[in-house]
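Take a look at the structure set out below.
Note that the structure is predicted; figures quoted are calculated from it, not measured. Every chain is numbered from 1 and lettered A, B, ... according to where its sequence line falls, protein lines coming before strand lines.
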Amino acid sequence: MTKFTDLNLNPKVLKAIQEAGYESPTPIQAGAIPPALEGKDVLGIAQTGTGKTASFTLPMITMLARGRARARMPRSLVLCPTRELAAQVAENFDTYTKHLKLTKALLIGGVSFGEQDKLIDKGVDVLIATPGRLIDHFERGKLILSDVKIMVIDEADRMLDMGFIPDIERIFQMTPFTRQTLFFSATMAPEIERITNTFLSNPTRVEVARQATTGENIEQGVLMLTASRKDREATEKRNVLRALIDAEGDKCTNAIIFCNRKMDVDTVAKSLKKHGYDAAPIHGDLDQSQRTKTLEGFRNGDLRFLVASDVAARGLDVPSVSHVYNFDVPSHAEDYVHRIGRTGRAGRDGKAIMICVPRDEKNLADVERLVQREIPRIENPLGNKAPAKSATDDAGKSDKPAVQDATQDDATKTEKPKRTRSRSRKKPEAAKVETETVTADSPEADTAPEVKAEQQPEPKAVKSDEKRQDDKPQHDKQQNRRGGRGNNRNENRNQNNRNDNKVVGLGEHTPEFIGLSFAERRD
DNA sequence: AAAAAAG
């Protein structure tokens with residue numbers, strides 16, 4: 001078993017790691033840190049939750065420990081898709097630089113330039129940024145990237161989804177070609193493949209399996225709900241949500257409630273608040289100070305219910321979330337994995353409960369196909385019929401005169417017309433592997449470097465520098481699903497879509513596929 | 001169909 005002490009990290013970094021209570025690296029860390037320290041480019045294929053963040057921060061800090069930054073010329077650069085993730089990476093740096101004097105700046109949108117400018121002017125070793133704001137600084141001439149020695153792209157596939165790839169290419173071109181690049185993506189969509197072929201030089205490829213979706217410690221359930229009337233669906237969903245929360249009682253210490261739409265995030269948050277639940281919304285239309293404050297409150301336990309869009313689905317690390325409620329079935333099955341991965345972190349128990357209305361059944365089927373198991377159906381705590389007359393006093397009751405706030409918790413709220421155009425959007429569920437793989441099913445927090453030794457699969461870095469060319473030719477069959485940019489390639493679907501070895505056991509806590517390597521899963 | 005990010 002590899003230990004951090006075997007990895008040639010700076011002693012002061014090791015000290016900080018120890019103080020944080022970590023001893024053994026996760027597979028992605030064990031695989032990526034050595035080549036990164038040798039100065040090689042790294043292509044890391046890993047999800048959040050695998051300890052990815054530390055797999056680049058630790059070697060970066062070690063390498064930056066010598067030398068000092070000059071004014072306006074940062075020595076390294078980390079790009080993240082969302083502000084929250086960038087902030088989290090920044091925190092990670094703080095944790096592991098505590099015995100060193102490295103400087104950093106967090107360049108994200110939604111906050112004023114002043115502070116960021118000041119830091120840049122003083123000179124920073126590490127720049128952590130979202131693409132838009134970084135380019136903004138660059139264009140204002142505030143930033144010179146010609147001294148960047150190490151550049152990290154985090155969550156590249158999400159950048160792709162969000163249309164950031166052109167920005168990323170631009171940023172690549174703003175940095176010297178001699179830089180070292182550490183590039184992370186959960187999948188290798190064709191467009192991602194293209195970028196890595198263009199901007200990475202002979203990278204060491206390190207691949208770990210998809211995050212344990214339904215880790216044995218996450219109990220899942222789905223409530224099938226058919227509204228009494230179409231126009232009451234939203235209201236009844238909220239009633240049921242509260243009932244589901246109540247049914248958990250004290251076991252639900254805190255929870256994230258995911259909705260598919262920002263508007264619903266607001267509505268649900270308001271509704272919960274109105275009914276006396278300690279809830280607050282977070283999504284991309286709220287201003288950054290609000291987002292930060294809300295998240296902070298949730299992290300430190302002041303806030304019990306975080307109602308969120310998918311801005312919070314990935315990567316966010318709140319160590320102890322007891323429950324995840326999916327108010328809607330996510331329309332991208334993959335997001336289900338990310339969402340429920342917010343609970344059951346670091347080996348804790350977690351529970352993930354979802355509400356599914358008829359319209360979402362197709363999405364549910366996609367989710368179940370992805371996680372290769374049937375999600376146990378749960379009873380409606382309000383009883384299956386007459387949801388309208390059930391025990392709660394939700395404002396939907398017609399004898400209540402008024403609901404004056406915007407939650408419209410009554411029948412006046414009508415669903416906007418739904419189009420159910422079903423795009424065929426089957427997504428291969430497992431990243432394709434052409435080399436050996438390592439399964440990383442540890443429930444570790446993404447920002448945490450550790451994993452207790454016993455739950456660690458044997459780390460095996462895969463160096464594919466040599467293997468890549470002569471491997472199987474079906475290289476870019478990976479399908480990119482979303483409408484990001486430049487993915488008008490619809491050609492070949494990955495053949496991964498069948499799930500013959502589905503685990504259907506309802507009491508089953510560990511779906512078998514988690515223990516399988518990608519290669520095995522393919523069969 | 002929606003979410004995220006630069007305003």
Side-chain angles (χ1 to χ4, degrees), chain A residues 48 78-89 106-114 116-117 128-143 153-171 174 186 234 256-268 281-292 295 306-316 326-339 342 357 359-363 366 415-425 427 480-485 487:
Chain A
T48 60
V78 181
L79 289 170
C80 303
T82 69
R83 299 167 185 175
E84 278 76 9
L85 283 174
Q88 220 168 256
V89 169
L106 177 63
L107 305 189
I108 58 175
V111 296
S112 69
F113 283 90
Q116 298 177 357
D117 282 343
I128 303 145
T130 46
R133 182 54 69 97
L134 180 85
I135 289 175
D136 210 334
H137 277 284
F138 185 81
E139 285 176 343
R140 289 162 61 244
K142 283 293 190 180
L143 199 53
I153 309 294
D154 197 10
E155 309 245 337
D157 52 341
R158 199 167 176 208
M159 303 249 198
L160 174 68
D161 292 343
M162 292 165 66
F164 279 159
I165 291 300
D167 289 343
I168 297 300
E169 293 188 72
R170 255 190 88 194
I171 295 167
M174 287 155 33
I256 304 180
I257 297 153
F258 284 105
C259 305
N260 287 0
R261 284 175 291 268
K262 290 182 275 200
M263 200 195 71
D264 289 328
V265 168
D266 287 330
T267 311
V268 170
I282 188 167
H283 60 67
D285 282 354
L286 299 172
D287 70 51
Q288 189 57 37
S289 62
Q290 188 69 34
R291 281 163 65 169
T292 307
L295 193 57
L306 180 69
V307 189
S309 69
D310 280 319
V311 70
R314 300 201 198 191
L316 278 198
N326 278 304
F327 186 76
D328 301 303
V329 180
S331 47
H332 289 287
E334 185 138 306
D335 290 332
Y336 179 77
V337 176
H338 292 295
R339 288 179 178 186
R342 298 312 99 202
V357 295
R359 170 170 24 95
D360 290 336
E361 278 168 21
K362 185 178 173 306
N363 289 334
D366 288 347
E415 298 279 305
K416 51 179 178 185
K418 294 285 186 319
R419 269 178 290 145
T420 31
R421 191 175 20 143
S422 69
R423 258 190 257 158
S424 82
R425 167 194 56 63
K427 219 239 148 208
N480 170 42
R481 69 215 185 269
R482 300 192 200 188
R485 298 236 205 128
N487 62 332

Atom-pair distance ([atom1] on [X]; [atom2] on [N]), nearest Å:
X	N	atom1	atom2	answer
Y336(A)	dA3(B)	OH	P	21 Å
D285(A)	dA4(B)	CG	P	6 Å
L85(A)	dA3(B)	CG	P	18 Å
D328(A)	dA2(B)	CG	P	12 Å
H137(A)	dG7(B)	NE2	P	9 Å
D167(A)	dA6(B)	CG	C1'	9 Å
R339(A)	dA4(B)	CZ	C1'	13 Å
E334(A)	dA2(B)	CD	C1'	16 Å

Whether the side chain of [X] engages the backbone of [Y] through a donor-acceptor N/O pair (distance < 3.5 Å, no angle test) should be reported.
X	Y	result
H332(A)	E334(A)	no
Q290(A)	D285(A)	no
R342(A)	H338(A)	yes
D154(A)	P81(A)	no

Any [X] side-chain nitrogen or oxygen under 4.0 Å from OP1 or OP2 of [N]:
X	N	answer
S309(A)	dA4(B)	yes
R133(A)	dG7(B)	yes
R83(A)	dA6(B)	yes

The side chain of [X] lies closest to which of these nucleotides: [options]?
X	options	answer
T82(A)	dA4(B), dA3(B), dG7(B)	dA4(B)
F113(A)	dG7(B), dA5(B), dA2(B)	dG7(B)
T130(A)	dA3(B), dA2(B), dA6(B)	dA6(B)
D136(A)	dA5(B), dA2(B), dG7(B)	dG7(B)

Using a 4.0 Å heavy-atom cut-off across all strands, classify R291(A) as base, sugar-phosphate, or nothing.
-> sugar-phosphate
Of M159(A), R158(A), E155(A), which meets side-chain contact (heavy atoms from CB on, under 4.5 Å) against T82(A)?
-> R158(A)
